[in-house]
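Here is the structure we will look at.
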Amino acid sequence: MKKIAACLILTFSLALLGACGEEKPLLSATDYDLDAETAQTIRGVKIGDGADVFLAAYKDYDMLSSVNGGDYQYLAVEEIPFDTSLTTVLPSFFVDGAAVDIDTFCENNEIEKDDLLSYLTDEAYLEHHTIVYQYLVFEWENGRITDIRSESMDYNKDGSYYNSSV
């Protein structure tokens, strides 16, 4: 699972490069909370829901999609084939508890987007900041959500793993 998560981080960072110029709102930490009994998101999306409910809640946010087990990629909402075997991921980086816009973060820290992962996992940076990568994972079959998971990686605990994996 950690290898998948590390790949997602790199893919997310690179996918955002393809989404340049599009300003998207940021999800908050509470957006990643799931009801323990129903696995329903805070925005009311649950297992069994279709694309209409999902898009009403999340169409304005950056997401990655993996179609039929392929590589994760950024797809425009209207291009996501919800009626296939699909995984959609809604990812966010949180620095010191606040969601960050990747473009603004890179600009403020004078780094290139390609260098984001190494910057966030650098020991010197992690000594002074808390970095968490959170993501909601939605599994789809035949136009319906079959599973929802909320996952996260704490770079301060696992930063060395991600550094060596890239």
Side-chain angles (χ1 to χ4, degrees), residues 1-34 41-43 45 54-67 69-82 86-140 148-166:
M1 183 54 105
K2 285 191 176 195
K3 285 186 180 183
I4 292 171
C7 289
L8 277 174
I9 292 170
L10 183 58
T11 302
F12 174 61
S13 300
L14 296 175
L16 287 177
L17 292 174
C20 290
E22 295 180 33
E23 197 163 316
K24 298 277 187 169
L26 300 174
L27 292 168
S28 70
T30 58
D31 284 315
Y32 291 92
D33 292 342
L34 291 177
T41 72
I42 197 164
R43 293 174 179 248
V45 178
F54 176 80
L55 291 174
Y58 298 111
K59 71 178 178 198
D60 295 328
Y61 298 94
D62 281 323
M63 67 182 81
L64 297 170
S65 298
S66 169
V67 180
D71 291 338
Y72 283 91
Q73 57 187 323
Y74 171 80
L75 295 175
V77 173
E78 59 276 0
E79 296 175 9
I80 299 173
F82 290 102
L86 174 72
T87 303
T88 53
V89 178
L90 290 153
S92 292
F93 282 106
F94 290 83
V95 176
D96 300 329
V100 297
D101 173 77
I102 300 300
D103 290 327
T104 304
F105 183 85
C106 289
E107 185 177 312
N108 290 346
N109 291 284
E110 299 177 353
I111 60 172
E112 297 294 322
K113 286 185 187 177
D114 288 341
D115 298 327
L116 178 65
L117 186 58
S118 60
Y119 187 86
L120 291 174
T121 58
D122 183 80
E123 284 185 41
Y125 190 76
L126 291 172
E127 284 179 23
H128 302 285
H129 300 281
T130 302
I131 309 299
V132 177
Y133 178 67
Q134 287 190 263
Y135 48 103
L136 281 171
V137 180
F138 296 84
E139 301 288 344
W140 298 80
I148 304 172
R149 297 182 311 278
S150 179
E151 300 178 358
S152 67
M153 292 177 290
D154 183 331
Y155 281 29
N156 296 79
K157 293 179 183 174
D158 301 320
S160 62
Y161 172 83
Y162 302 112
N163 237 356
S164 64
S165 297
V166 178

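If you're wondering where the values come from, they're calculated on a predicted model, not measured in any experiment.
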Tell me the closest heavy-atom pair linking [X] and [Y], and the distance in Å.
X	Y	answer
S92	Y32	OG-OH, 2.7 Å
P25	D60	CD-O, 2.9 Å
V45	I148	O-CD1, 3.7 Å
H128	D96	O-OD1, 4.3 Å
F93	L116	CE1-CD2, 4.0 Å
M63	I80	SD-CD1, 3.6 Å

4.5 Å side-chain heavy-atom contact, [X] and [Y]:
X	Y	result
P81	L75	yes
F82	F138	no
T41	F54	no
L34	L136	yes

Can you tell me how far the [atom1] atom of [X] sits from the [atom2] atom of [Y], to the nearest 0.5 Å?
X	Y	atom1	atom2	answer
L90	Y135	CG	OH	12.5 Å
T30	R43	OG1	CZ	8.0 Å
N109	Y125	CG	OH	5.5 Å
Y119	K113	OH	NZ	16.0 Å
L117	I131	CG	CD1	11.0 Å
D154	T130	CG	OG1	7.0 Å

Checklist entry - Quick one: salt bridge (charged side-chain N to carboxylate O under 4.0 Å, His left out) partners of E107, sequence neighbours excluded? => result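 E107: no salt bridge (charged side-chain N to carboxylate O under 4.0 Å, His left out) contacts found.
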
Item to check | Listed partners of T87 passing side chain to side chain donor-acceptor pair (under 3.5 Å), at least two apart | outcome: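 E139.
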
Next on the checklist: For the backbone of H129 and the side chain of N156, can you confirm whether one donor and one acceptor N or O come within less than 3.5 Å of each other?
Outcome noted: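 Yes, the answer is positive, given that a donor and an acceptor are paired below the 3.5 Å cut-off.
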
Next on the checklist: Using a 6.0 Å cut-off, check whether atom CD of E112 has over 12 heavy atoms from anything other than its own residue.
Outcome noted: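 Check fails, neighbour count at 12 or below.
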
Item to check | Side-chain donor-acceptor contact under 3.5 Å, T88 with Y58 | outcome: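 No, because no side-chain N or O of T88 sits under 3.5 Å from a partner of the opposite role on Y58.
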
